[in-house]
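Read the structure below first, then the notes.
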Amino acid sequence: MHTDLLQDAKEHPSNSNMPPEDVENNQLGIFDRPLPCFGCGIGWFSLLLGFVFPFMWYYATILYFRNYYQRDPRERAGLAANAIAALIFTVAALVAVALIVL
């Protein structure tokens, strides 16, 4: 019985208890760095800045449609919010112009 334990110890070195590396997700640490623009990302920063300068919403919408969020998927929600804000602003501006002209 004692020899069986020795044989087992030879076959399985002590570092075999380490978990295997994650082959599927080898870029796990890529999102550890903070987002640009004070840590909130380009999308959310553009949304906030858009209330003062609405053309930032259109800039972020262009980034959204050009799939900028594939560089960092954390940007997707903020860029999508800008697309919605740009749509609402455009409709409101068109209604305002229509009421003034007509």
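The first residue in the sequence is number 1, and the count goes up from there.
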Handout entry: Interatomic distance, Y68 atom OH to I42 atom CD1 [nearest 0.5 angstrom]
Key = 3.0 Å
Handout entry: Sequence neighbours excluded, every pair satisfying side chain to side chain donor-acceptor pair (under 3.5 Å) that has a member inside residues 82-102
Key = Y58-T90
Handout entry: Stepwise side chain to side chain contact (heavy atoms under 4.5 Å, CB included) check, W44 with L47
Key = CA-CA 5 Å; W44 292 114; L47 183 72; 3.5 Å; yes
Exercise for the section: Examine V97 and V95 and state if one hydrophobic cluster contains both, with Ile, Leu, Val, Met, Phe, Trp and Tyr joined whenever side-chain heavy atoms are less than 4.5 Å apart. Expected result: no
Problem - From T61 atom OG1 to R66 atom CZ, the distance as rounded to the nearest 0.5 Å - result: 13.5 Å
Practice task
Could you tell me the separation between the CG atom of D72 and the CG atom of L79, rounded to the nearest 0.5 Å?
Solution key: 10.0 Å
Practice task
Quick one: list whatever passes side-chain hydrogen bond (donor to acceptor under 3.5 Å, both in side chains) with Y64, sequence neighbours left out.
Solution key: none
Practice task
Say whether F53 and Y59 are linked into one hydrophobic cluster, either directly or through other cluster members, by side-chain heavy-atom distances under 4.5 angstrom.
Solution key: yes
Handout entry: Joint hydrophobic cluster, L87 plus F65, side-chain heavy atoms closer than 4.5 Å
Key = no
Practice task
With rounding to the nearest 0.5 Å, note down the distance linking CZ in F89 to CZ in F51.
Solution key: 11.0 Å
Handout entry: Co-membership, hydrophobic cluster, residues L63 and F55, 4.5 Å side-chain
Key = yes
Fill in the blank from the handout: Shortest non-hydrogen pair, M56 vs S46, comes out as CE-OG, 3.7 Å
